[in-house]
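Remember, predicted model here, so these are calculated numbers, not experimental data.
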Amino acid sequence: MALTLVDAICLCAFYALIAAAFAPFVLTHDSATLDLAPYALGPIIGRLLTRLAIARLIAHISYVLEGTIRAELMRKLLAVGPLSLTVKSSLNTLMVDALDDILPYFTSFLITLRYAMIIPVVCLVAVALVSPWSALILFCMAPLIPFFMIMIGKGAERLNQRQWRQISRMALRFHEALSKLTLVKLFNLERAEIVKIARLTKRWRVETMQVLRIAFLSALVLEFFATCGIALCAITLGFAVYERNFDYTAALFVLLLAPEFFLPLRQMGLTYHARMRALGAMSGLIDFLNEPEHFPATAPEATAPAAAGAAAAPKWLRGPFTLELKDVTALYPNGRAGVTGFSAVFKPGTVTALVGPSGVGKSTVLQTLAGFTALKSGAVVVNGHECSPADLRALMASVAYIPQLPNLFYGTLRANLKLGAPDATDEELKAALAQVGAGELLTRFGDGLDHHIRENNRGISGGETRLIALARALVRKCPIILLDEPTASLDRASENAFLQGLTTLGHDKTVVMVAHRSELIAFADAIITLSAAQAADTSAPTAAADIAAATVAAGADAAAAEVRHA
């Protein structure tokens, strides 16, 4: 506020010196007044310093604000859990596009609003001291700009929110098409998907052009009223100088200051659309920010490492672990039940395979053991202790969960292996890779543990990614390992290496895996079959993806039956 006030005072002082120096020289050729011109450098330097200070303040605000918003989004992301539908569908839109739309509201609109509150008032006071009639004209014209800006802005706000919803739908549809690309190619649905995405893209372009039309309309209105105000001041001052011998120095001062009076109001009209975009972006974040937190912040004792044998951990939280599900009905974050009435016991030193048709809840069982899903009924019992939600969060420190498509992060192989064990030595990392049959990767990469893994695991096959993920679990020394179809899409050599790695896990670990392939089922020490009655939705699949999944599952189930029969 103080910097803006100093800037406004320097602005008025600059134009007062310019008018006093050049008006007499232009009209009477009196060069003596030109001696005042060098003094105009003082206000110029003052404005330069204040603008630099304001720019530094804006940069600091932007830096702090961006860090705060990203930290809050990350906290919420961790709190809602990995199964959140919002996170799966529009994570990139939330973390990137929304932030890019929200920041200009604070760094552009609010700063311009401060200018519009201070600079016109100071200019109006300065004009009123030399020409009350001109000040009255400016005072009457000024409210018309925010009035029409608000009227147009209401329509712009509605269009911005609609545009944001449209881009969210487009991002969701595009993500879904990419995630199901294999099935799209398998059933020859490329043309249909292209048509659908093209239709959504065209709709988004139409929404964007409607927003731009409103923006140009509002800019035209602002320019019109600003021009009218300056023209009325010029006409009245011209008649005043011609008929009433009004001081032409004061008249020049008013004419020079009148555009500066309207400039902050016009800029506020232009940046007002930053506010509209921010409101549209926030409307897209409301559902995410209001989503129930499945993993709220817990007490320090609940988040403390619960490694096997830790002296400070409760007795039930020390490995080896016997896990039991008692008549469990698990819910996803959207309230849909993933598995109903399921009971099973998983013992340490045993590799247990979960088999059954696609959609019966095998992955849900793993997610329940990992603590990702909420329980509608039933209980999770660990070493005879019935766990509360807080207990399950504490148990996560002892769980290594490897999904169907494990991710490696952008960085070195060493950083990926040490993700859950930052204190692990290079010898331990190499031993873990050798234990799962991936020791040759160090030789193939050339630079060993310093090999840089690119985005989306580029340069590394799916089998190698799974082996690295299993080695990462071994480095953490977790006594509970959950595997979701670990050998899916692997070739025979990679599958043998993976199974060889499982044999070296030790007799104190509880291993539960979802299995479809006959070799993996035959490898298991115990087999638990889930029936369709335990699935949340037993309706016949109709979509192409469901048909493909059911076909693959049927073949796998037949192979599993042959293995069990043998």
Side-chain angles (χ1 to χ4, degrees), residues 1-23 36-62 104-150 219 222-223 225-234 236-237 247-272 274-275:
M1 184 72 75
L3 291 175
T4 307
L5 182 60
V6 171
D7 183 58
I9 294 174
C10 291
L11 175 67
C12 295
F14 171 75
Y15 284 121
L17 290 171
I18 293 297
F22 290 98
L36 296 174
Y39 292 101
L41 291 175
I44 292 177
I45 295 175
R47 292 201 72 191
L48 177 62
L49 294 177
T50 55
R51 290 293 175 129
L52 287 176
I54 292 173
R56 286 177 58 88
L57 182 62
I58 292 174
H60 178 70
I61 292 174
S62 178
Y105 171 78
F106 297 94
T107 59
S108 179
F109 174 74
L110 291 183
I111 300 299
T112 306
L113 181 62
R114 185 70 57 84
Y115 285 150
M117 293 170 57
I118 296 176
I119 292 179
V121 174
V122 175
C123 292
L124 191 64
V125 172
V127 171
L129 294 176
V130 297
S131 177
W133 281 106
S134 298
L136 181 62
I137 293 174
L138 296 178
F139 181 77
C140 293
M141 294 296 296
L144 295 177
I145 293 179
F147 173 75
F148 281 94
M149 182 181 66
I150 292 174
L222 297 179
E223 293 291 339
F225 285 108
T227 303
C228 289
I230 297 172
L232 287 176
C233 287
T236 55
L237 288 172
D247 185 7
Y248 45 79
T249 299
L252 180 61
F253 171 70
V254 173
L255 288 178
L256 291 174
L257 203 59
E260 297 291 343
F261 172 83
F262 287 106
L263 182 60
L265 298 175
R266 292 157 57 191
Q267 290 178 340
M268 186 178 68
L270 297 177
T271 58
Y272 190 74
R275 175 180 178 273

Salt bridge (charged side-chain N to carboxylate O under 4.0 Å, His left out) with R47: which residues, sequence neighbours excluded? D7
Got a second to check how far L17's CG is from L41's CG, nearest 0.5 Å? 10.0 Å
So CZ of R51 and CD1 of I58: to nearest 0.5 Å the spacing works out to 9.0 Å
Rounded to the nearest 0.5 Å, what separation is found between the CG atom of L49 and the CD1 atom of I44? 12.0 Å
Listed pairs under 3.5 Å, donor-acceptor, residues 128-141 side chains, sequence neighbours left out:
| from | atom 1 | to | atom 2 | distance (Å) |
| --- | --- | --- | --- | --- |
| S131 | OG | S134 | N | 3.4 |
| S131 | OG | S134 | OG | 2.8 |

Once rounded to the nearest 0.5 Å, what's the spacing between atom CD1 of I111 and atom CD1 of I54? 7.5 Å
When rounded to the nearest 0.5 Å, the distance separating CZ of R114 from CG of L3 is 10.0 Å
Rounded to the nearest 0.5 Å, what's the gap from CG on L57 to CG on L52? Could you check? 12.5 Å
Looking at side-chain heavy atoms only, is the closest gap between V122 and C12 below 4.5 Å? yes
Any idea which heavy atoms bring C123 and L11 closest together, and the distance? SG-CD2, 4.1 Å
Shortest non-hydrogen pair, Y115 vs P120, comes out as O-CD, 3.2 Å
With side chains defined as the heavy atoms from C-beta onward, is the minimum distance between V127 and F261 less than 4.5 Å? no
Per side chain to side chain contact (heavy atoms under 4.5 Å, CB included), L237 is matched among L255, L252, L232 by L255
Suppose we screen for ring-ring contact (aromatic ring centres under 6.0 Å, His included). Which residues come up paired with Y105, at least two apart in sequence or across chains? F109
